[in-house]
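Reading through the structure tokens given below for one structure.
Letters go in sequence order (proteins before strands), and every chain restarts at 1.
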2 protein chains.
Amino acid sequence: MHDVAREAGVSAQTVSRVIRSPGLVKEETRNLVRATIERLGYVPDSTASDLASNRSRFVAAVIPSVSMSIYEDAVRALSSELLAAGYQLLLGNTEYSLDSEEATIFAFLGRRPEAMVVVGVDHTDRAKALMRQSGIPIIETMDLTDTPIDTVVGYSNKVATATLTRLLLTRGYKRIVFVGGEEDARGIERRQGYLQAMAEVDLSALSLETGDHPSLMSAGISGLKKALELQPRTDAIIFFNDASAAGAILECQRAGIQVPGDIAICGFGDFEVAAHLNPGLTTVRILSHDIGKRAAQVIVDRLSGADPHPKIIDIGFEIIERCSIREK
Amino acid sequence: MHDVAREAGVSAQTVSRVIRSPGLVKEETRNLVRATIERLGYVPDSTASDLASNRSRFVAAVIPSVSMSIYEDAVRALSSELLAAGYQLLLGNTEYSLDSEEATIFAFLGRRPEAMVVVGVDHTDRAKALMRQSGIPIIETMDLTDTPIDTVVGYSNKVATATLTRLLLTRGYKRIVFVGGEEDARGIERRQGYLQAMAEVDLSALSLETGDHPSLMSAGISGLKKALELQPRTDAIIFFNDASAAGAILECQRAGIQVPGDIAICGFGDFEVAAHLNPGLTTVRILSHDIGKRAAQVIVDRLSGADPHPKIIDIGFEIIERCSIREK
DNA sequence: TTGTAGGCGTTATCAA
DNA sequence: TTGATAACGCCTACAA
């Protein structure tokens, strides 16, 4: 910046003003400075700017996996809304490990973000303490809780899966199996929803685990096989998500198992593939885009002083019925 | 930090040392300081640290879309390798626009990253100038060029698609259509590979565009319909990627079109779904994980002074033949 | 409209 | 092994 100032024959402060609040600088000076900036290829140092102004313009987001379809829309909405408000998104992966989440949260807090978005409501004690102490808005997403660290924007995995299960029950399915992972917090919630709905009607439940990667198509295939082996008369399976459900549907095509004639298949998430499968996949649509957008709004409003948002924001979900279960 | 120093009865410098180079501090003092840090919940301010030490420990990565499967493995490998080396990944989306890429690059350079990873070799002139001027290692990925800004780690989209096309030609296919987008630089390269291979054997080519989102399954469906309409005797289609190819295969199932009996279908990328479709999808496997890992190695070595890497690193590709094309 | 002084929280450097 | 001092590059506050 001093180079630019010297070259342009003005003070460093004037250069700073041309960048931050150009309106305060005489047009002539402003143009001269801008030309000099351009000529020298000067890029302002945000690090120094952050320190001096005590504003990082960072919003941190910590998600299990950047690549999961279900987070994709949320990240996109979050990112574009925040970008428009002048914030940069600091994105971190946790690969579905709470310890890794804690480490990422710690590292990110060191960058002094102005707000932080995390996925889920399940965190290590230290991670929770860190977030609480940070004093910045913390938005938990993709799930609900009565006791958010600060604000939660999401839907109930448990209620959603219970609702889906009840739909199957009203269609006369009785031997319904749930196939999911064992570790993922959202998977556990989904399982509980299933168990609850089965318990309500006094049906015996069968819940299978497919190991560490319940969101792979191959997990759907092995889950399907396992279910048919343990309970040959299984008439419906609810999978952890649409990827594993898609794996199962494609496996049924190969094995000559009719869906929904022989067995009903449901997923979770309403991924792109759900509508294109044969038969189309009955699933739970998560309004990821809305969650990301709403989270961004909460942040922007909070940081600008206003705070018209409740602490618990239920975005809801939709049951999307397609042909992978029988009609009424 | 001063709070910690005061509480522990040492100087700020000692606290700093406990964090940066604990070996230099007497064990007794170190433990005291650590306990105090823990008690106060102190999180070091990386912003100030960056400024003082002139090291950001940031590596910036600018990719078209965090959610594209093809980048997922690369980002994961990059991220984990860099994390292990003590760097943080600053991840940015460009949503496939070069202008947006330029803006992101500018903003990221302001954070003074120590290296930068970008996707592709096609950038605006200003983006190139910015990257060149920055003086940091710049790794272009997912494509190849003879004239990288600094270093390129990738594979040739053109050669890969030409190779795939030639495979179809050796199987006797003659009326081969390419279905892709129009804007994406990698899509353009792929199209050129196709056109070249067709020209080599003097066959007339038909290349279709499906608009802005060639990587959606629905683009595959519309591309398939368009191809059959414009050239009813089409015997093979190469799609922009595995998502659009998957859409086409599923549409063929519905329409009663036999694959590969009536038509052969190929994709690009070897996404998870490729192996599970019926029939399995013939495609080009991109070694994304290797690209991410190699990019990270180049960065780590460069930043540690060594530089044993060439400027052009071809990771190659593999043709994965499955049943969506006829056998020899 | 522009310039000057001081400080943001940390680390490098040198001294003790 | 520890501490004091001066940066790092910018912004806030105030002065001219």
Under 3.5 Å side-chain donor-acceptor pair for A:Glu102 and A:Thr124: yes

Contact nearer the 5' end of DNA chain D, comparing B:Val25 with A:Arg17: B:Val25

Touch class at under 4.0 angstrom, heavy-atom based, for A:Asn54 against every strand present: nothing

A:Asp50 CG - D:dT12 P separation (whole Å): 12 Å

B:Ser49 side-chain N/O to C:dT11 phosphate OP1/OP2 under 4.0 Å: yes

Sugar-phosphate, base or nothing in reach of A:Met1, heavy atoms under 4.0 Å: sugar-phosphate

Whole-Å gap separating P (D:dT5) and NE2 (B:His2): 12 Å

Check: B:Arg57 and B:Gln88 side chains under 4.5 Å, non-hydrogen atoms: no

Sugar-phosphate, base or nothing in reach of B:Thr29, heavy atoms under 4.0 Å: sugar-phosphate

Spacing between A:Arg57 atom CZ and D:dC10 atom C1', to the nearest angstrom: 11 Å

Side-chain N,O (B:Tyr42) to OP1/OP2 (C:dG9) below 4.0 Å: no

Check: A:Ser46/A:Ser49 side-chain N/O donor and acceptor closer than 3.5 Å: no

Atom-pair distance (CD on B:Gln13; C1' on D:dT5), nearest Å: 10 Å

Short side-chain N/O contact from A:Thr14 to OP1 or OP2 of C:dT2, under 4.0 Å: no

Closest contact, heavy atoms only, B:Phe106 versus A:Tyr42: CE1-O, 4.4 Å

Most 5' of B:Val10 and B:Ser53 on DNA chain D, judged by nearest nucleotide: B:Val10

Presence of A:Ser16 side-chain N/O under 4.0 Å of D:dC10 phosphate oxygens OP1/OP2: no

Atom-pair distance (CD on B:Glu27; P on D:dT1), nearest Å: 11 Å

Straight-line distance of B:Met116 CE to B:Ser134 OG, nearest 0.5 Å: 7.5 Å

B:Ile19 CD1 - C:dT11 C1' separation (whole Å): 11 Å

